Amino acid sequence: MATDTLKSTPGAQGGATGGLRRLLLDNGALTALIVLVIAMSALSGDFLTADNLLNVGVQAAVTAILAFGVTFVIVSAGIDLSVGSVAALSATVLAWSATEAGIPVVLAVVLAVATGIVCGLVNGFLVSYGKLPPFIATLAMLSVARGLSLVISQGSPIAFPDSVSHLGDTLGGWLPVPVLVMVVMGLLTAFVLGRTYIGRSMYAIGGNEEAARLSGLRVKKQKLAIYAFSGLFAAAAGIVLASRLASAQPQAAQGYELDAIAAVVIGGASLAGGTGKASGTLIGALILAVLRNGLNLLSVSAFWQQVVIGVVIALAVLFDTVRRKAGATAPAAGASGGGKGKQALTYVIAAVVAVAVVGATSLLHNGSSAADRLKIGLSLSTLNNPFFVQIRDGAEDEAKKLGVDLTVTDAQNDASQQANQLQNFTSGSLSAVVVNPVDSDAAGPSVRGANQAGIPVIAVDRGVNEADTSALVASDNVEGGALGAKALAEKLGGKGTIVILQGQAGTSASRERGAGFAEGLKDYPGIKVVAKQPADFDRTKGLDVMTNLLQAHPDIDGVFAENDEMALGAIKALGSKAGTSVQVVGFDGTPDGLKAVRAGTLYASVAQQPSELGRIAVRNALRAVEGEKVEKMVKVPVKVVTKENVAGFEG
């Protein structure tokens, strides 16, 4: 009775204050977004610029489109872990069909969309008729779709048709097309959930599947349609993503399924099913985009960014839990007219708050001149590899020596994430950008954006295609691969059997080193390659793959690994054979690699002097900013390091 009385007297808590508290509790995700915007605006004068806010929209687009599809599944108490891989597969099918197969672009687009729908239908069939848990069924599809993407593309990016690439452009020179696609897909999601029979069925199935079945719903067929919707949205997201990158990347959208699920849950949906709405999902995707954008602008360490994002996701969901316990209204299907009016009032208030923040922060940053120190951004393909860590260290040392502020970001081998980071650099107050591309083609559109903004760009280790860079500071991966082949072949006396551990499929470094090694090996017809397997530049995978290869080829004479990390894993698998009956050659000249060379377990490493790459890149970036002449190609010599010369070598 007491509880009923309290719930029936909302005014008891004090008029406007109680109403505001209830409004905030009822819209936890929106509140979190407003707080984030206020915080980022106060901390960075670059955040609330028109260009940067459009960047946030573009960066949220792919996640939001994926998340809209996942919303259907989660509302019906399911889960879909395959959307990232399905997005990559759909884009790869489109690019391959239109280029390699010569199919008309319109039909290629239809085929790509059909690919997404078919993947969704397979998921739905496995869940509905195969009785597999959604987690297992979609996890299997995650692997299958990613594998098919690699098979079709042969591990290499495929150029996207120009007519479709316009989806990554802007309208009128300022309005990004990905944002428009996101809005359209959001409206479609809202319509399906709130205005259609299948939308109401999703809520019914998620609320109580058995009750839905007993009430006459054809649950199995409905689930087929639900997962087909998810596949359709994944295909749309893949096409938009590939359009932004101007190429279909077989490794694109890795991990995006987790971002999509996080966006849906942050937006107020329950993993238990029965609740969720399109507007909440959009807000969840915007929260993730604002976080990543703001942390880039604030020069937060790439490693700490992951920590911060995880904490904010947990806090957002915790806030939602508190909201529910406090008796706030849960998002439900088929809200009444009064509920819609209340929701509209909420968005009006949010807009007023946003305008107030713009004004306040404009005053806060007004007149505050840019820092006297020059700012340079460094976007690395990954920091999960000692080679690139050494590039960062060399760049930071040089920046400190020259009195330059250096902001470092980690793309985690994700071309789309790197595109976002480069866009953030362009919209910030940076004087120059240094980029180590995940993929040379995919980095092109973002670097062209920096070109248009008049920001000089220095490429390091890998070049950028279809864009203007002031300089490329690099060693020659192809030459290094050829030197590795010569070193290994001569050590084996020109004859024997070897295996090759390849890097991450689709990366330019793996392609170039492999091509150089193959070319160099032509001079040694007595050397036979008995196996090639990818180990993703990773030491643990190098250990596992080498262990497996030894089962089929126990009597090999040599190993070529496309980086030192995989070589070190191979040495571990070889045990006492390493450096005695089996010779191993790595690539990069990392500290651990050189240590193994000294110990004799690694015969040689093709060293690129990564610290020097970082130092020279920053030095040339500063020269470009100051208008000095910069050489277009700056070569840092590669060197085969063996036990005989390792003592005097500094990587």
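No experiment lies behind these values; they were computed from the predicted model shown.
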Give the minimum heavy-atom separation between [X] and [Y], together with the two atoms involved.
X: Ala242; Y: Ala248; value: CB-CA, 4.2 Å
X: Gly586; Y: Ala567; value: CA-CB, 3.9 Å
X: Ala95; Y: Pro161; value: CA-CD, 4.4 Å
X: Pro554; Y: Gln551; value: CD-O, 4.2 Å
X: Leu422; Y: Ser379; value: CD2-CB, 4.0 Å
X: Ala415; Y: Val438; value: N-CG1, 3.9 Å

side-chain hydrogen bond (donor to acceptor under 3.5 Å, both in side chains) between Asp439 and Gln249, worked out: CA-CA 9 Å; Asp439 180 80; Gln249 304 277 328; 3.2 Å; yes
Thr382 vs Asn384, side-chain hydrogen bond (donor to acceptor under 3.5 Å, both in side chains): CA-CA, chis, key distance, verdict: CA-CA 5 Å; Thr382 180; Asn384 191 29; 5.2 Å; no
Flag, side chain of [X] to backbone of [Y], donor-acceptor distance under 3.5 Å:
X: Asn424; Y: Asn296; value: no
X: Gln421; Y: Asp410; value: yes
X: Ser85; Y: Leu142; value: yes
X: Glu100; Y: Ser97; value: no
X: Arg146; Y: Met141; value: no
X: Glu466; Y: Gly444; value: no
X: Ser149; Y: Ala145; value: no
X: Ser611; Y: Gly394; value: no
X: Arg392; Y: Val408; value: no
X: Asn620; Y: Ala617; value: no

Inspect the contact between [Y] and [X] and indicate whether a charged nitrogen and a carboxylate oxygen are less than 4.0 angstrom apart.
X: Asp476; Y: Lys635; value: yes
X: Glu562; Y: Arg513; value: no
X: Asp468; Y: Lys632; value: yes
X: Arg615; Y: Glu398; value: no

Intermediate values then yes/no, side-chain contact (heavy atoms from CB on, under 4.5 Å), Ile309 and Leu295: CA-CA 9 Å; Ile309 290 171; Leu295 293 173; 4.2 Å; yes
Answer yes or no: is there a side-chain heavy-atom contact under 4.5 Å between [X] and [Y]?
X: Gln502; Y: Ile500; answer: yes
X: Thr601; Y: Val584; answer: no
X: Asp523; Y: Lys486; answer: no
X: Phe160; Y: Leu245; answer: no
X: Pro437; Y: Arg462; answer: yes
X: Val585; Y: Lys491; answer: no
X: Pro610; Y: Asp588; answer: no
X: Ile152; Y: Val93; answer: yes

Got a second to check how far [X]'s [atom1] is from [Y]'s [atom2], nearest 0.5 Å?
X: Gln533; Y: Leu501; atom1: CD; atom2: CG; answer: 9.0 Å
X: Gln608; Y: Gln390; atom1: CD; atom2: CD; answer: 10.5 Å
X: Thr63; Y: Leu241; atom1: OG1; atom2: CG; answer: 9.0 Å
X: Phe388; Y: Leu613; atom1: CZ; atom2: CG; answer: 10.0 Å
X: Thr115; Y: Leu148; atom1: OG1; atom2: CG; answer: 9.5 Å
X: Asp536; Y: Glu565; atom1: CG; atom2: CD; answer: 12.5 Å

Plane angle bin for Phe560 and Phe517 - parallel if under 30°, tilted between 30 and 60°, otherwise perpendicular: parallel
Test side-chain contact (heavy atoms from CB on, under 4.5 Å) applied to Leu81 and Ile261, step by step: CA-CA 8 Å; Leu81 300 177; Ile261 293 169; 3.8 Å; yes
With sequence neighbours excluded, residues passing side chain to side chain donor-acceptor pair (under 3.5 Å) with Asp564: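 Counting only residues at least two positions away or on another chain, Asp564 forms a side chain to side chain donor-acceptor pair (under 3.5 Å) with Thr590, Ser605.
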Stepwise side-chain contact (heavy atoms from CB on, under 4.5 Å) check, Val636 with Ile616: CA-CA 9 Å; Val636 178; Ile616 294 174; 3.7 Å; yes
Stepwise side-chain contact (heavy atoms from CB on, under 4.5 Å) check, Ser153 with Trp96: CA-CA 7 Å; Ser153 66; Trp96 181 86; over 6 Å; no
Single hit among Ile458, Asp461, Asn436 for side chain to side chain contact (heavy atoms under 4.5 Å, CB included) with Val473: Ile458
Heavy-atom neighbours of Asn451 CG exceed 12 at 6.0 Å: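 Yes - once you tally the heavy atoms of other residues, nucleotides and ligands closer than 6.0 Å, there are more than 12.
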Criterion side-chain hydrogen bond (donor to acceptor under 3.5 Å, both in side chains) on Gln59 and Arg244, from CA distance to verdict: CA-CA 10 Å; Gln59 292 165 24; Arg244 284 191 62 206; over 6 Å; no
Any side-chain donor near an acceptor of the partner, Gln154 and Ser156, under 3.5 Å: no
Derivation and outcome, side-chain hydrogen bond (donor to acceptor under 3.5 Å, both in side chains), residues Asn385 and Arg539: CA-CA 9 Å; Asn385 184 310; Arg539 188 181 304 195; over 6 Å; no
Test log, rule salt bridge (Lys or Arg N to Asp or Glu O under 4.0 Å), inputs Arg292 and Asp259: CA-CA 12 Å; Arg292 292 194 170 101; Asp259 277 0; 3.2 Å; yes
